[in-house]
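Computation of the quantities below employed the complete heavy-atom set of this structure, encompassing side-chain atoms and omitting hydrogens, waters and symmetry-equivalent molecules. Within every chain, numbering begins at 1; the chains are lettered A, B, ... in the order of the sequence lines, protein sequences first and strands thereafter.
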Number of protein chains: 2
Amino acid sequence: MKGSGEAAKRLESFLRSRGLRLTRGRRLAVEAVEACGAHFGIEDVDAAARAKGLRVHRATIYRAVPLLVEAGILRKVSASGGDRGEYEKGLGREHHDHLLCLDCGRSIEVSSAAMEREQARLCAQHGFLAVDHQLRIRGYCAVCRSGGRPRATSGPPAPIATGAPAGRPRRR
Amino acid sequence: MKGSGEAAKRLESFLRSRGLRLTRGRRLAVEAVEACGAHFGIEDVDAAARAKGLRVHRATIYRAVPLLVEAGILRKVSASGGDRGEYEKGLGREHHDHLLCLDCGRSIEVSSAAMEREQARLCAQHGFLAVDHQLRIRGYCAVCRSGGRPRATSGPPAPIATGAPAGRPRRR
DNA sequence: GACTAATTGCGACTTTGTCGCACTTCCGGC
DNA sequence: GCCGGAAGTGCGACAAAGTCGCAATTAGTC
Ligand SMILES: [Zn+2]
Ligand SMILES: [Zn+2]
Ligand SMILES: [Zn+2]
Ligand SMILES: [Zn+2]
C-alpha cells in the first residue's frame, strides 16, 4: 500500500507542528484505520486494530482518532445518519457530500461546485465564517427506485459493496 | 400554551392512522418535549419529564420519540455535530439548516431556496429520490468574529440564549 | 545514556440505549 | 358501562459506548 506512507508522514508532521509525540499508539491507530471501510466509527477502528493483531488499548484509539481528524487523515462525517460519530479517510479525497439510500443503505458520494458556491453565499449573507460543512440527503437511490435488485425490504439494510464495504455492519 | 394542543392533535391523528394507541406515556412524552429547548436529545426529554414531575419510564420515552418524529412533531437533526442523536420541534416550523459556531456554540438557523433548488438538481442528476436532508455548516458566527463579546476561549461553549437555551448544557 | 514530560495501559465507572416479561391500559364491540 | 384481548408500560438487568485517574512506560532532548 502506498497511501499508508502518506498518512504516516502526515501524522508525523502534524504531531511535530503541535509539539506532540509520534508514538507507537498513534502509529498503530493510523494502521488500523487503513483497514477500515468507507465509513466507520471509532469502535470499528479499535476492532480493526484487534483484528490485525495490533495491541493498542481502546482508550488510546479513542484518544488518537480526534488527532487524526485534526491532522486531516480522517474526516468526521455522519453519512448514515446514525446517532454515533462516523469517520472516513480524508487523505487525497476531495470534499464530498452524501446521498444515503433508505432502502439499500448505500451512501453515494457526490459533489457540486454550484452547491458549495451557494453555501458560501449563504454564509456571507449571515456574516458567518465557514470552516467546513456536511450535507446528507436521505432518500432512494436509482437502483432501488427501479427495483432492479431485490431490495432489503425487511431487516437491516444489506451491506453491499459500495456503501459499507469492509467493516462489520453498523450495529443497533 | 397553544402549540401544545396542536402537537397533541397531531399525535392523535398520527397514531390513529397507524392503528396505534393514544396512551398516557405518549401524551406525557409530548408534554415533556414542550419543555425542551431548541435542540435536545432523548435523554433531555426524559430529564424534562422528570423535572416536570411526569412519571414516565425512560424506556417509554425512548420508544415514543421515534413515533413523534414520524408524526412530524419532532424532527431529527444533528445541529451541534455531537455524536448523539438530536431533535428539534417540528410543528409550524419550516425546514431550515444550521450554522454552528465553533466558538460560542450557538446554532443559527437559516434557509435558502436557491440551495434547496440546487440540491434538487443534484439529486435529479443522480436519479436519486430525496426524502429529506440536513446541512450543517461549522464555523464562526458574526458576533464571535467581531470579538464583540467575551467568547468562551476555554471550557465548553457557553450556552447562550439562542442556541441551547432551556435544557441542561450538553454533557460530555 | 539519562532525564522528564507526554503517552499508554488498565480497569473501574458513567452514560446511553435495549430487551424480555409481568402487569396495566386502551379501545372496539356489546 | 363493561369485557376481552392486544398494545403499551414499568422495571430492572443488561449491553454498548465512551471517559477518567493513575502508575508504568516511552519518546524526544541534551
Ligand atoms: Zn464519504
Ligand atoms: Zn438504494
Ligand atoms: Zn435545507
Ligand atoms: Zn459564535
Side-chain angles (χ1 to χ4, degrees), chain A residues 8 11-32 40-50 53-71 76 78 80-87 156 167-172, chain B residues 8 11-32 40-50 53-71 76 78 80-87 156 167-172:
Chain A
L11 174 65
E12 178 166 2
S13 66
F14 166 76
L15 291 175
R16 185 174 301 277
S17 81
R18 291 267 305 247
L20 299 175
R21 291 182 183 173
L22 178 58
T23 61
R24 200 187 75 101
R26 288 165 184 168
R27 247 172 322 204
L28 293 186
V30 169
E31 224 181 295
F40 49 89
I42 300 193
E43 341 98 60
D44 294 310
V45 179
D46 182 40
R50 202 122 15 90
L54 310 175
R55 295 210 312 81
V56 219
H57 193 271
R58 224 162 17 118
T60 302
I61 301 282
Y62 274 99
R63 292 188 273 231
V65 164
L67 291 178
L68 301 196
V69 171
E70 277 197 87
K76 196 168 186 181
S78 52
S80 67
D83 292 354
R84 215 66 68 227
E86 293 175 289
Y87 300 84
R168 302 173 291 160
R170 223 103 251 297
R171 58 225 108 357
R172 306 231 141 172
Chain B
L11 174 66
E12 178 167 1
S13 66
F14 166 75
L15 290 175
R16 184 173 301 278
S17 80
R18 291 269 303 249
L20 300 175
R21 292 183 183 174
L22 177 59
T23 60
R24 201 187 75 102
R26 287 164 185 170
R27 247 170 323 198
L28 293 186
V30 169
E31 225 182 293
F40 48 89
I42 299 193
E43 341 98 60
D44 294 311
V45 180
D46 182 39
R50 202 125 10 94
L54 309 176
R55 296 210 310 81
V56 218
H57 194 271
R58 218 158 28 105
T60 302
I61 301 282
Y62 273 98
R63 293 187 272 231
V65 165
L67 290 178
L68 302 196
V69 171
E70 277 196 87
K76 195 167 185 180
S78 53
S80 67
D83 292 353
R84 216 67 68 228
E86 292 175 291
Y87 300 84
R168 301 174 292 161
R170 223 105 250 298
R171 56 226 111 1
R172 311 235 134 169

Can you give me the closest heavy-atom contact between B/Ile61 and B/Ala49, atom names plus distance?
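That closest heavy-atom pairing would be CD1-CB, 4.5 Å.
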Would you indicate, yes or no, if [N] has its OP1 or OP2 atom less than 4.0 angstrom from a side-chain nitrogen or oxygen of [X]?
X       : N      : answer
B/Thr23 : D/dT9  : yes
A/Arg58 : C/dG11 : no
A/Arg21 : D/dT29 : no

Measure from the side-chain heavy atoms of [X] and tell me the nearest of [options].
X       : options               : value
B/Glu43 : D/dG10, C/dG17, C/dG9 : C/dG17
A/Tyr62 : C/dG17, D/dA17, C/dA6 : D/dA17
B/Arg63 : D/dC11, D/dA13, D/dA6 : D/dC11

Whole angstroms only, please: what is the [atom1]-[atom2] distance between [X] and [N]?
X       : N      : atom1 : atom2 : value
A/Arg55 : D/dT25 : CZ    : P     : 13 Å
A/His57 : D/dT26 : NE2   : P     : 16 Å
A/Arg18 : D/dG28 : CZ    : C1'   : 18 Å
B/Arg26 : C/dC26 : CZ    : C1'   : 10 Å
A/Glu86 : D/dG18 : CD    : P     : 11 Å
A/Ile42 : D/dA17 : CD1   : C1'   : 10 Å
B/Arg84 : D/dG18 : CZ    : P     : 7 Å

Would you call A/Arg27-A/Glu31 a salt bridge at under 4.0 Å N-O?
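Salt bridge between A/Arg27 and A/Glu31, a charged N being under 4.0 Å from a carboxylate O: no.
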Judged by atom type as modelled, is there a donor-acceptor pair below 3.5 Å linking the side chain of B/Arg26 to the main-chain atoms of B/Arg63?
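It does not hold such a pair.
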